[in-house]
2 protein chains.
Amino acid sequence: MAKKSRYAEIADVLAAEIADQPAGARVSSEHEIAARFAVSRAAARAAVQELEGRLLVRRVRGAGTFVNRRIDYVLSQRKAPSMHQTVREAGGTPRTVVCDVRRVALRGELAARLEQPEGSEAHLLVRQSYIDGLLSGWAQEWIPLDLLPELDAAVHAVESLDSILRQMCGVSPVRAWCRVSYSLPTPEVAVGLESDHTRPVWLIESLSRDGDTGRPVMCSSTWSRPDSTRIIVELDGPWK
Amino acid sequence: MAKKSRYAEIADVLAAEIADQPAGARVSSEHEIAARFAVSRAAARAAVQELEGRLLVRRVRGAGTFVNRRIDYVLSQRKAPSMHQTVREAGGTPRTVVCDVRRVALRGELAARLEQPEGSEAHLLVRQSYIDGLLSGWAQEWIPLDLLPELDAAVHAVESLDSILRQMCGVSPVRAWCRVSYSLPTPEVAVGLESDHTRPVWLIESLSRDGDTGRPVMCSSTWSRPDSTRIIVELDGPWK
DNA sequence: GAGCATTTGTCCGTATGTATT
DNA sequence: CAATACATACGGACAAATGCT
């Protein structure tokens, strides 16, 4: 058996203790860990950084280190393209905060995907999403203007965009196309995620259509923190 | 504008220099960086670790730090379930090394997915995959026995399993189901990937069927190093 | 708002261990 | 075996963000 470094041993002990604690619980400070295991603060720090790398904790400068939990976020054609529902299915509590609602002109790929003329206007909704109170995602969502002229009032009354589209527009959104990748966020995205712009994050690009008519109803780009969600993409063929 | 830490500044300078260099090129050692920027080795080390976090370099103890490149590995129902072809489409050079070929009894989910009776035998092929000479993945692949009794000889003659199935079995494999996630590898997998078992890696589970008959022809679990591939999953609905 | 203690972030210098060449 | 390079570790210091008084 390979000999382990001291900080890795400490990390394993802490990881086992963390496993029994609820999300959000406070983890010992670096000073306390150093004193408890009789090591320097550098070694204690390395152990906590190890836990951060395993996505077991989140650290906040000046505040402390806290137990983290990821939820399984499953993307599939069989499932509704709804963040609120997907999170609830995984046992989490979703919440969204509107950052901005405005009208923008659709260009290029975005216009094509929504099947709107180049330069036509659409709603742009920018939101942060939280899971169990922790910041998880930052999303831009485009919706054709004629589908719902008064989006602003609606999104403040009902958090789930899927519900709004179903109840106010009479459509049944289904995920028609989706692309998931994992790369560095732009500085703007990093701000929205309160994340370092040098750490990779999930990018989920998605197009929803009305399940009955096939009409495009929503296009979105969602960036998601890897420490909040374990993204799972299920791709289904014509069989099964 | 936020003030940057010294190591982040150094990392940015090095990142810009690395961008012009070919994959595999040697990066200055920590000592050289410390001397060049007049900082301690700890700060130089932090800068190089930053680059490692951005997946721009790979570090080998005792050997040095080297420029890394990722390729886009695109998973989609429209594309053949072939590692060799997917890598070549992204501009890389694929290679596979057989670690083990043996017969195993199919159990549970695996048997169900291949539509074989519980406990029936199948080939198990264990391979490492390399991209441009760098270790990229470690895979277990299960193939029904009756499809190709002499798998052992075939995989040593032809590297691409997709080609073998097409040419020797007369099937046209298509990706019928696939699940992609990102989590910590088991110790066994970490060994196969020559990776730390405390760093998350990709897990791609896949089922291939014959495009003509719909018969299951291959089931696989592939673990892939995030520093070798940028996994992209495309999900297509009935419209498009 | 100001002040203070706590906590993580960064950095210095030094030393030793371990893997590769 | 020797030189090189990364890995771990010690102890100390100050900066920056947070939370409370």
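So you know, we letter chains A, B, ... as the sequences are listed, proteins then strands, and number each from 1.
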(message) Check this for me, if you would: do B:E89 and B:K79 make a salt bridge, where the nitrogen-to-carboxylate-oxygen distance has to be below 4.0 angstrom?
(response) yes
(request) Determine, for B:E32 against B:R36, whether the closest basic-nitrogen to carboxylate-oxygen distance falls under 4.0 angstrom. (result) no
(message) I want to check one thing: is the phosphate of C:dT8, taken as OP1 and OP2, less than 4.0 Å away from some side-chain N or O of A:T65?
(response) yes
(request) Determine the contact category for B:R45: base if any of its heavy atoms lies under 4.0 Å from a base atom, sugar-phosphate if only primed atoms, P, OP1 or OP2 are that close, otherwise nothing. (result) base
(message) Mind checking if B:V48 touches a base, just sugar-phosphate, or nothing, with heavy atoms under 4.0 Å?
(response) nothing
Separation of [X] atom [atom1] from [N] atom [atom2], in whole Å?
{"X": "B:E194", "N": "C:dT20", "atom1": "CD", "atom2": "P", "value": "10 Å"}
{"X": "B:Q49", "N": "C:dT10", "atom1": "CD", "atom2": "P", "value": "12 Å"}
{"X": "B:Y7", "N": "C:dG9", "atom1": "OH", "atom2": "P", "value": "9 Å"}
{"X": "B:H31", "N": "C:dT16", "atom1": "NE2", "atom2": "C1'", "value": "12 Å"}
{"X": "B:R58", "N": "C:dT20", "atom1": "CZ", "atom2": "P", "value": "16 Å"}
{"X": "B:R41", "N": "C:dA15", "atom1": "CZ", "atom2": "C1'", "value": "11 Å"}
{"X": "A:E32", "N": "C:dT8", "atom1": "CD", "atom2": "C1'", "value": "13 Å"}
{"X": "B:I33", "N": "D:dT4", "atom1": "CD1", "atom2": "C1'", "value": "15 Å"}

(request) For B:E52 and for A:S40, locate the closest nucleotide of DNA chain D by heavy-atom distance; then report the residue assigned to the nucleotide nearer the 5' terminus. (result) B:E52
Check every atom of [options] against the side chain of [X] and return the nucleotide holding the closest atom.
{"X": "A:A63", "options": "D:dT18, C:dG9, D:dA7", "result": "D:dT18"}
{"X": "A:R59", "options": "C:dG9, D:dT8, C:dC11", "result": "C:dG9"}
{"X": "A:A43", "options": "C:dT8, D:dC6, D:dA9", "result": "D:dA9"}
{"X": "B:R26", "options": "C:dT8, D:dA5, D:dA7", "result": "D:dA5"}
{"X": "A:R61", "options": "C:dG9, D:dA7, C:dT10", "result": "C:dG9"}
{"X": "B:E30", "options": "D:dT18, D:dC10, D:dC6", "result": "D:dC6"}

(request) Decide if the gap between the ring center of A:Y182 and the ring center of B:W202 is smaller than 6.0 angstrom. (result) yes
(request) Have a look at B:T229 and tell me which of B:V74, B:I71, B:V87 forms a side-chain contact (heavy atoms from CB on, under 4.5 Å) with it. (result) B:I71
(message) Does the Lys NZ or Arg CZ of B:R95 fall within the cation-pi geometry relative to B:Y130 - under 6.0 Å from the ring centre and within 45° of the axis?
(response) yes
